[in-house]
Number of protein chains: 2
Amino acid sequence: MRYSLRQLEVFLATARYENVTRAAEELAMSQSAASGSLKELERQFDMKLFDRQGKRLQLSELGQQLRPQIESLMEQARSLEHALTGEDGAGRLEIGATLTIGNYIAVNMIADFRQQNTKSDIILRVANTATIAKQVAGFELDMGLIEGELQHPDLDIVHWRRDELVVFAAPNHPLATSNALSDQDLLTLPWIVRESGSGTRQAFDRAMQGILTDLQIAMELQHTEGIKRAVEAGLGVGCLSQICLEDAFKRGSLVPLPVPGRDFRREWYIITHRDKFHSAALKRWLTLCLQRWST
Amino acid sequence: MRYSLRQLEVFLATARYENVTRAAEELAMSQSAASGSLKELERQFDMKLFDRQGKRLQLSELGQQLRPQIESLMEQARSLEHALTGEDGAGRLEIGATLTIGNYIAVNMIADFRQQNTKSDIILRVANTATIAKQVAGFELDMGLIEGELQHPDLDIVHWRRDELVVFAAPNHPLATSNALSDQDLLTLPWIVRESGSGTRQAFDRAMQGILTDLQIAMELQHTEGIKRAVEAGLGVGCLSQICLEDAFKRGSLVPLPVPGRDFRREWYIITHRDKFHSAALKRWLTLCLQRWST
DNA sequence: TAACATATATCGAATTTTCCGATAAAGAGG
DNA sequence: CCTCTTTATCGGAAAATTCGATATATGTTA
């Protein structure tokens, strides 16, 4: 072996901060040791992992190319260390989810998972699809549950489940008993929807294509609960994922309005980094996602 | 990191030979260094990787449990070393296949693979299903193409393709023009088949269940080519995988005999070790197996 | 522009790790 | 009982890693 795990550790920390001093701090070593370790790694393989211009340090193209593989290797090494120290497959998982998925499904999934994996910590980070994808690609998250369509050379994107938006209103709304809303109906209604840029709004816009610009958007809110309350109060009709509405429909506080003429389906995906090392805990989590929580 | 890659290297070599002296030889180091390295690894994690009784050394239960993970880690480390030295994804692949698969498909698959991966060496080892499974489980082979049904806690077994045996005879055989052989017909014929224990024979026996003991086995041969020649010579009828016979049927040197009453289908599988690190070359090979060469 | 703050590289010395050769200890086989 | 083989251990040599100090380069601020 021409290199050591320690050298890779230094490389990764430096790659993350693009700063040797902070990397050395994190690894509890002197700056000179870190610098030397890095230099030695580069010397042994006769290559440049970083571009140096003065005191500035930047991952070189080669470094960027190698980083995923090295992250994966180090993660496996850490996992082995846990196995060696006898800490059985605990391992903390950091997962990302969009707002809708995070609030309405992921929390239940995590509760489910923790029942059988009492030792695993799960950290849920809620963000939009693009942010989650970026963090998964940068090994900051172990996996992500996202809404939007996405292409990324470093990511494994697998279909997870189908979701459907539902148009809904207060029970006393004039159209509450209608069994089919036409485009004409849609155009007369005041809409209360999620803000632009959210996955739910994107799906809504797509479903309304053709009449989108003529719709009357009465309110844009950032939280699904706010939208439901506004609709309950009779301020307009809403359009949200079915999973946000199940309870309200059961209670009768809101009612669905059928819109047969438009397609409100959308797909959800699971993303992981292609080169990600799948720890025991991550494997169990992914299995649970795909088996018990997919459609 | 409480351990080094070198220590893992020593552990693996020692685990393979269960002999420190030979392990040290392989790693070009002194026996004392190897012994010390091993001892240090055990001390750091306060555990016994080997059971010692006198001069005898044996992998402990813990050692056996840890070995797959360590094999996987070291393989990834070697793969990274290749990436660092700039040798692009060459990497030698050692694959196992049964006799039928090896001779009639795997060689073509390898030719196909090598066209696009000129730098990869592929080594094909032909053996029976049980042997291949054992070698894949012991990290001696990277993957295997097998026939029989199999259960193994350490192996990933995925369905690959469906095969079908075909009963065949020489063109001038009295039944050559028959369009459906009955069980009565089967019982009157002299059979030339593969030897007991082979996957093909197992499939044959299964297909013939009920009348198996009453069949007239005229000859058992170990090679498919021998069986075909014997059948051509009019010594009896044969039963082999369709892929061994395609050419002969095209040439007209042999003809298939339809046996609608019996099920000659069988399944082929791809096996890998669950903890196996999938190198770039292995990934490409598995993709080729499943995309271009599966049914 | 000068003074300062910040970041990386380099050097020698101290420390730690790794390795070797020699040797002791412990079976296995005649 | 002797010989051969194998593992463990010891002291010292060699190599590596690390640290503190310092040189160098470069932004920043007065």
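Naming: A, B, ... by sequence-line order, numbering from 1 per chain. Since the structure is predicted, the reported quantities are computational estimates derived from the model, not experimental observations.
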* Asked: Could you give the CZ-to-P distance, from A:Arg43 to D:dT17, as a whole number of Å?
  -> 11 Å
* Structure fact -> Rounded to whole Å, the CZ-P distance (A:Arg6 to D:dT17) equals 10 Å
* **Pair of N/O donor and acceptor under 3.5 Å linking C:dA7 base with A:Gln31 side chain** => no
* **Aromatic ring proximity, centroids under 6.0 angstrom, A:Phe11 and A:Tyr3** => no
* To do: Can you measure from CD (A:Gln202) to OG1 (A:Thr129) and round to the nearest 0.5 angstrom?
  => 7.5 Å
* **Any B:Ser35 side-chain nitrogen or oxygen under 4.0 Å from OP1 or OP2 of D:dA8** => yes
* To do: Determine: side-chain N/O of B:Asn19 to OP1/OP2 of D:dT5, distance under 4.0 Å, yes or no.
  => no
* A:Ser279 and A:Glu75 side chains, donor-acceptor separation under 3.5 Å -> no
* Kindly indicate, with the supporting measurements, whether the criterion salt bridge (charged side-chain N to carboxylate O under 4.0 Å, His left out) is fulfilled by A:Arg43 and A:Glu40. => CA-CA 5 Å; A:Arg43 193 198 58 77; A:Glu40 176 62 11; 3.0 Å; yes
* **Nearest-nucleotide comparison on DNA chain D, the residue closer to the 5′ end among A:Lys55 and A:Ser37** => A:Ser37
* Between D:dA16 atom P and A:Leu41 atom CG, what is the distance in whole Å? -> 14 Å
* Side-chain donor/acceptor of B:Ser32 to base of C:dG21, under 3.5 Å -> yes
* Asked: Could you give the CD-to-P distance, from B:Glu25 to C:dC20, as a whole number of Å?
  -> 13 Å
* **Interatomic distance where CZ belongs to B:Arg56 and P belongs to D:dC4 [whole Å]** => 21 Å
* Structure fact -> Rounded to whole Å, CD of A:Gln58 lies from P of C:dT8 at a distance of 13 Å
* Structure fact -> Closest to the side chain of B:Ser4, out of D:dT17, C:dT18, D:dT18, is C:dT18
* Any side-chain N or O of A:Lys39 under 4.0 Å from OP1/OP2 of C:dT10? -> yes
* Give the rounded distance in Å between these two atoms: CG of B:Leu8 and P of C:dT18. => 12 Å
* Once you round it to whole Å, what is the distance between C1' of C:dT18 and CG of B:Leu27? -> 14 Å
* Nearest of C:dC20, D:dT17, D:dC19 to any side-chain atom of B:Ala33? -> C:dC20
* **Side chains of B:Ser196 and B:Glu220 in contact at under 4.5 Å (non-hydrogen atoms)** => yes
